[in-house]
Amino acid sequence: MINGFIMDKKRDFLRRIVAEDLESGKYSRVVTRFPPEPNGYPHIGHAKSISINFGIARDFGGVCNLRMDDTNPTTEDTEYVEALKDAVEWLGFKWEGDVRYTSDYFDKLYEWAKELVKKGKAYVDSLPEDKMREYRGTVTSPGKRSEYANRSIEENLDLLERMKNGEFKDGEHVLRAKIDMSSPNMKMRDPLLYRIRHAQHFRAGDKWAIYPMYDFAHCLSDYIEGVTHSLCTLEFENNRDIYDWVIDTLGLEPPRPYQYEFARLNINYTVMSKRKLLELVNKGVVSGWDDPRMPTIAGLRRRGYTPESILNFCEQIGVAKANSVVDVAQLEYAIRDDLNKKVPRVMCVVNPLKVTIENYEGSEELQALYYPHDVPKEGSRKLPFSKEIYIDRGDFEENPPKGYYRLTPTQPVRLKHAYIIEFKEAIKDENGNIVELIVTYHPDSKSGSDKSGIKVKSAIQWVEAKSAKEVELRLYDRLFKCEAPEGIEDINPNSLQIVKGALVEPAVIEERADVRFQFEREGNFFADPIDYSDEKPVFNKIVALKDSWAKKSKPKPKQEPKKPKPKTKQTGGEMAELNEQEQALFDKFIQKYGLNKQVASIFARDEVLAKFFEEATKEYNSAVTVANIVANDVAKELKSKSLEELKFSPKDVAILAKMVDEEIISSKIAKEVFEAMSQSGQNPEQIVESRGLKQISNPDEILPIIDEVIAKNPDNVAKYKDGNQKLFGFFVGQVLKATGGKANPKVVNELVSKKLQEA
RNA sequence: UGGGGUAUCGCCAAGCGGUAAGGCAGUGGCUUUUGGUGCCACCAUUCGGGGGUUCGAAUCCCUCUACCCCAUCCA
C-alpha cells in the first residue's frame with residue numbers, strides 16, 4: 001500500500017479506471033455509491049454491487065454513499081429501505097454520512113428540469129401513451145417527433161409548473177428531453193424526464209404530483225453527491241448516452257461523474273430476478289424472503305452464511321463485462337472455507353442406531369476439544385459416555401462395499417474421542433431391519449492414551465443415549481433442479497428435508513459454544529435464529545462437508561437433463577460479396593499495386609482508406625509496405641477518429657514505409673513510431689532521430705546481450721533444449737526487450753538460434 | 001433487422017506484440033482419531049471461426065458466427 005492505494009497490479013477493469021483517474025488528477029478522491037431502488041429485498045447480486053462500490057472506495061481511500069433511488073412512488077416502501085441498510089451493515093460496510101434519497105433532491109432536480117426547458121432542450125409532450133410508442137419508431141426505423149415538441153418555452157414552463165402543481169391527471173402530459181428521434185440508440189429518442197403520478201410517496205408523501213425518471217434523476221443525483229465513478233450493471237450501457245447528455249446539456253461544473261458498467265451476478269441452480277423471487281414467495285414455494293434456500297441476503301443469513309464468506313465469494317469471482325453464470329459450488333466453497341477456520345466441531349447423529357457396549361459398565365466423562373489440530377483455536381467440552389450410545393446408521397454395514405472404512409462385522413472402528421469398538425451382534429426386527437447393535441470395546445484404546453495397538457480406518461461420531469438431546473435438522477438442497485431454471489416448474493421437490501429425531505451431544509445445547517457448529521462428518525449447521533429454542537432446538541444445514549467417499553461409492557446422483565449446448569463446429573464464413581464497383585476497385589488494387597486479396601478487399605470497401613493509400617503510395621512507390629501500414633495501423637486510428645482528426649498525413653506514412661523498406665527501423669519499431677506520430681503529429685524521421693530508434697543489425701552489438709540473456713535463464717535454456725520450442729520466442733523477446741526493441745529481429749532470430757545450439 | 005456490448009479450460013477470470021496467471025470443479029498421492037482440513041502433483045501446444053500484418057499474434061487489422069442489452073409514463 002502506498003498512499004492508501006492498493007498497489008496490486010492485478011486490478012479489475014474498474015479499479016484500473018479509478019486508479020488512472022486518481023493518478024491523472026482527474027479526481028482528488030474517489031466517491032462511489034450503492035443506489036438500489038427500495039422495491040424489493042436485496043440478494044447476493046446486490047452483495048456483488050455492494051462489494052464493488054464499497055470495496056473500491058475502501059481500496060482507494062474514498063467513500064461510498066448509500067442512496068435509495070426512490071423515484072417511483074408506486075413500487076417503493078420503507079420496509080425495503082430497512083432491508084437494504086441492514087444488508088450493507090451486515091456485510092460490514094459503512095456508508096458516508098446519512099442514507100441518501102433521490103427524493104431529497106426533487107427540488108433541485110425540478111430546477112434543472114426548468115433549466116433544460118429554458119435552454120429549449122426539453123418540452124412538455126401531451127401525446128397519449130400508445131401514440132408516443134408509435135412515434136418512437138423501431139430499432140430499424142427512425143421515430144418522429146411529437147407535434148407538441150414545438151411548444152414555446154413559456155408554454156412549456158407553464159405546463160410543467162401546472163404538472164407539478166397537480167393540475168393534470170396521470171398520463172396527460174410528460175416532460176421529455178429534446179434530443180434526436182432518429183437516434184440509432186433508442187434510449188436517446190427524446191427520453192421522458194418526468195411523468196405525472198398522483199401517488200403517495202413513502203417519504204415525500206403527496207408533495208409531488210410529478211416524479212423524475214431514472215435517466216434524469218440518476219446522473220444528477222450522482223452529480224449532487226460528488227460521485228466520481230457511477231458503477232452499474234451492463235443493461236444500462238445504452239443509458240450512458242443520456243447520462244452524459246443531461247450533465248453536458250446542463251453545462252454542470254466539473255468534476256462530474258462518469259458511468260461504467262459491469263456484468264451482474266448470475267449463479268446456476270437459482271434465480272436472481274426480483275420478479276421470480278417474488279413469485280417464489282407469493283406462491284408459497286418458500287417460506288418467505290428469508291427462507292434459507294433463497295439467494296437473498298436475508299435467506300443466506302438465516303441459512304447461516306457469514307458476511308465474510310459472501311465477501312470472499314464476491315472477490316473470488318471478480319468483475320468483468322462478460323455475461324456469465326457462476327457455479328454455485330464456488331459459493332459453497334466460500335462458506336466452507338470460512339467456517340472451517342471458525343466453528344467448533346461437535347457430534348450429531350442424524351440417523352440414530354442404538355448400540356450397546358456389552359462389556360462396558362458404569363459411566364464416565366470424556367474431555368473433547370472443540371477444534372481439530374489444524375484449527376488454532378482453543379476450547380473443549382465434556383462428553384458423557386456409557387454402555388448405551390447411538391451411532392449413525394450409515395456407519396455400519398453388514399455387507400460393506402469395497403473401500404468401506406466404518407464398522408462392519410469384521411472391521412473395528414473408533415468412537416471419536418472415545419474407544420475402539422468391535423462388532424458382536426446385530427439385532428433385527430421381524431422384517432430383518434437392524435434395530436440395535438451389540439458391540440464390545442477395548443478398555444485400553446481410550447482416545448489420547450491408546451495402548452491397544454489396534455488400527456482402525458476411521459473414527460465415527462456418536463452420542464451417549466441418556467444425555468443426548470433431540471434436535472430438528474433442516475437439510476437444504478438447491479432450490480432448483482436444473483442449472484438454468486426458468487421458474488416454478490424447475491423447482492427441486494427435495495430442496496428441504498426435515499429430520500426430527502437427530503441427536504446431539506448435550507454440550508451443543510447446554511454450553512452453546514457458538515451459533516454455528518460443524519457436526520463432524522456431516523456438515524456445518526446454524527442454530528435457526530427464529531425457530532430455535534432450548535426446548536426445541538432447530539439447526540439449519542449451511543453446507544455439507546466435501547464427501548469424497550459418497551462421490552466414490554455412489555455412481556452419480558441423477559442430474560437433471562441439461563439444456564443441450566449446441567457446440568457446432570464453425571466453418572469459414574464467407575465475406576459478404578463485393579458489389580460491382582467494389583469488385584472493380586478490388587481488381588485494380590490487385591493488378592496495379594500487387595496487393596494481396598485481404599488488403600485489396602479492405603480498400604475496395606473503404607473509400608477513405610483507399611484514398612489515403614493512393615496518396616501515400618504516390619509519395620513513395622512501395623505499394624505493399626504502404627498498403628499494409630494503411631490497412632492495419634491507419635485503419636485502427638480511423639476507428640476512433642475521423643480523417644480530419646488525424647495528426648499525420650499520407651506523406652508521413654510514406655516516409656515511415658520507406659524507413660521500413662530500407663531497414664532503418666524494424667516493423668516492430670514502425671508500430672511504435674506510428675503511434676507516436678499519430679499522437680503528436682511529429683514527422684516520423686524526427687521521432688526516430690530523437691528517440692534513437694534506428695535498428696541495430698550489428699551482430700557484435702547483439703551477441704553480448706544474447707549471451708547475457710542465456711546466462712540469466714539457465715532453466716529455460718534447459719527446457720528449450722528439452723524440446724520446448726515455444727521458448728525460442730521467449731529468448732528473442734528478452735533480447736529485443738534489452739535493446740529497447742531496436743535490435744533487428746531477423747538478426748536476433750538467427751543469432752539466438754545459433755547461440756542456443758551452442759549453449 | 002439499426003445501435004450498444006461480450007466471447008480465453010467444465011464454471012469464474014488474468015492477460016494489452018515476446019514462456020497461456022490464479023480460484024472453483026475434477027483426478028491421483030501424502031498427512032490426518034472428520035472419507036473434513038492441509039500439502040504435493042496432474043488438469044488450455046491454444047484463446048468463438050476464417051483470413052491478413054509481423055521474425056513472432058489471445059493481444060493489431062479485416063471478416064464471419066454465437067450470445068446479451070435497447071422500441072416501460074420501471075430502475
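Nothing here was measured: the structure is a model prediction, and the numbers come from that model. In what follows, chains carry the letters A, B, and so on, assigned in the order in which the sequence lines appear, proteins first and then strands, with residues in each chain numbered from 1.
Between the CD1 atom of A:I210 and the P atom of B:rC73 there is a distance of 17 Å, given to the nearest Å. Atom CG in A:N238 sits about 13 Å away from atom P in B:rU72, given to the nearest Å. Atom CZ in A:R15 sits about 14 Å away from atom C1' in B:rA14, given to the nearest Å. Rounded to whole Å, atom C1' of B:rC74 lies 15 Å from atom CE of A:M132. In this structure, the NZ atom of A:K321 is 12 Å from the C1' atom of B:rC69, given to the nearest Å. Taking atom CG of A:D170 as the reference point, atom C1' of B:rC73 lies 9 Å away to the nearest angstrom. Remark: P of B:rC16 and NZ of A:K636 are 13 Å apart, rounded to the nearest angstrom. Atom CD1 of A:I602 is separated from atom P of B:rC61 by 11 Å (rounded to the nearest Å).
Contact annotation: A:R264 does not reach the phosphate of B:rA75 (side-chain N/O to OP1 or OP2, under 4.0 Å). Put simply, A:R240 has no side-chain N or O that comes within less than 4.0 Å of OP1 or OP2 on B:rG4. For the pair A:T74 and B:rC74, the criterion of a side-chain N or O lying under 4.0 Å from OP1 or OP2 is not met. A close approach under 4.0 Å does occur between a side-chain nitrogen or oxygen of A:R521 and OP1 or OP2 of B:rG35. Contact annotation: A:S324 reaches the phosphate of B:rA13 (side-chain N/O to OP1 or OP2, under 4.0 Å). OP1 or OP2 of B:rG26 has at least one side-chain nitrogen or oxygen of A:K551 nearer than 4.0 Å. Regarding contacts with the backbone of B:rG2, every side-chain N or O of A:S141 stays at 4.0 angstrom or more from both OP1 and OP2. Of the side-chain N and O atoms in A:K639, one or more sit less than 4.0 angstrom from OP1 or OP2 of B:rC62. Regarding contacts with the backbone of B:rA75, a side-chain N or O of A:R195 is found under 4.0 angstrom from either OP1 or OP2.
Looking at heavy atoms from C-beta onward, A:I702 lies in side-chain contact with A:V747 at the 4.5 angstrom threshold.
The base of B:rG22 has none of its N or O atoms less than 3.5 Å from a complementary donor or acceptor on the side chain of A:Q316. Applying the 3.5 Å distance criterion, the base of B:rG36 shares no donor-acceptor pair with the side chain of A:R336.
Heavy atoms of A:D241 sit nowhere under 4.0 angstrom from any nucleic acid atom. Contact annotation for A:S667: backbone-only contact, meaning every heavy-atom pair under 4.0 Å involves sugar-phosphate atoms and none involves a base. Heavy atoms of A:R414 sit under 4.0 angstrom from at least one base atom. Contacts of A:K746 with the nucleic acid, taken as non-hydrogen atoms under 4.0 Å apart, involve only primed sugar atoms and P, OP1 or OP2. Using a 4.0 Å heavy-atom criterion, one finds that A:N744 contacts no nucleic acid atom at all. If you check every strand for non-hydrogen atoms under 4.0 Å, A:L127 touches a base. Contact annotation for A:F731: no contact, since no heavy-atom pair falls under 4.0 Å across all strands. Heavy atoms of A:T75 sit nowhere under 4.0 angstrom from any nucleic acid atom.
Note on ring orientation: taking the six-membered ring where Trp is involved, the planes of A:F731 and A:Y720 are perpendicular (angle over 60°, cut-offs 30° and 60°).
The P atoms of B:rG50 and B:rC9 are separated by 16 Å, rounded to the nearest whole Å. Comparing the P positions of B:rG38 and B:rG48 gives an interatomic distance of 33 Å, to the nearest angstrom. For the P atoms, the distance from B:rC73 to B:rG4 is 23 Å, rounded to whole Å.
Taking every side-chain heavy atom of A:K671 into account, B:rA57 is the closest of B:rG23, B:rA57, B:rC12. Listed nucleotides: B:rG2, B:rC73, B:rU19. Nearest to the side chain of A:L727: B:rU19. The side chain of A:D547 lies closest to B:rG35 when the candidates are B:rC73, B:rC74, B:rG35. Distance from the side chain of A:E235 is smallest to B:rC69 among B:rC69, B:rC73, B:rC68. Distances were taken from every side-chain heavy atom of A:Y214 (C-beta onward) to each of B:rG52, B:rC55, B:rA75; the shortest belongs to B:rA75. Closest approach to the A:V732 side chain among B:rU37, B:rA75, B:rC55 is made by B:rC55 (side chain taken as heavy atoms from C-beta onward). The listed nucleotides are B:rC73, B:rG3, B:rA75; the one nearest the side chain of A:P184 is B:rG3. Candidate nucleotides B:rG35, B:rU72, B:rU53 were compared by shortest atom distance to the side chain of A:N596, and B:rU53 ranks first. Out of B:rU33, B:rC61, B:rC16, the shortest distance to the side chain of A:A459 is found at B:rU33. Here the side chain of A:V174 is nearest to one of B:rC70, B:rC73, B:rU53, namely B:rC73.
Not less than 6.0 angstrom separates the ring centroid of A:F236 from the ring centroid of A:Y243. No close placement of the A:Y194 and A:Y211 rings is indicated, their centers lying 6.0 Å or farther apart.
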Would you please test A:R33 and A:D222 for side chain to side chain contact (heavy atoms under 4.5 Å, CB included) and show each step?
CA-CA 8 Å; A:R33 97 271 95 107; A:D222 283 344; 3.1 Å; yes
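Among residues two or more places apart in sequence or in another chain, the salt bridge (Lys or Arg N to Asp or Glu O under 4.0 Å) test is passed with A:R195 by none. Judged as a salt bridge (Lys or Arg N to Asp or Glu O under 4.0 Å), and not counting sequence neighbours, the contacts of A:E261 are A:R240, A:K321.
Glycosidic torsion of B:rU27 falls outside 90° of 0, placing the base in anti.
A salt bridge is absent between A:D215 and A:K187: the closest approach of a Lys/Arg side-chain nitrogen to an acidic carboxylate oxygen does not fall below 4.0 angstrom.
Taking a centre distance below 5.5 Å and an interplanar angle below 30 degrees as the stacking criterion, A:Y405 stacks against the six-membered base ring of B:rG35.
Residues A:K446 and A:L331 each lie close to RNA chain B; by heavy-atom proximity, the contact nearer the 5' end of the strand is made by A:L331. Annotation: of the two residues near RNA chain B, A:E172 and A:S548, the 5′-most nearest-nucleotide partner is A:S548.
Here the side chain of A:D70 pairs a donor or acceptor atom with the backbone of A:T102 at under 3.5 angstrom.
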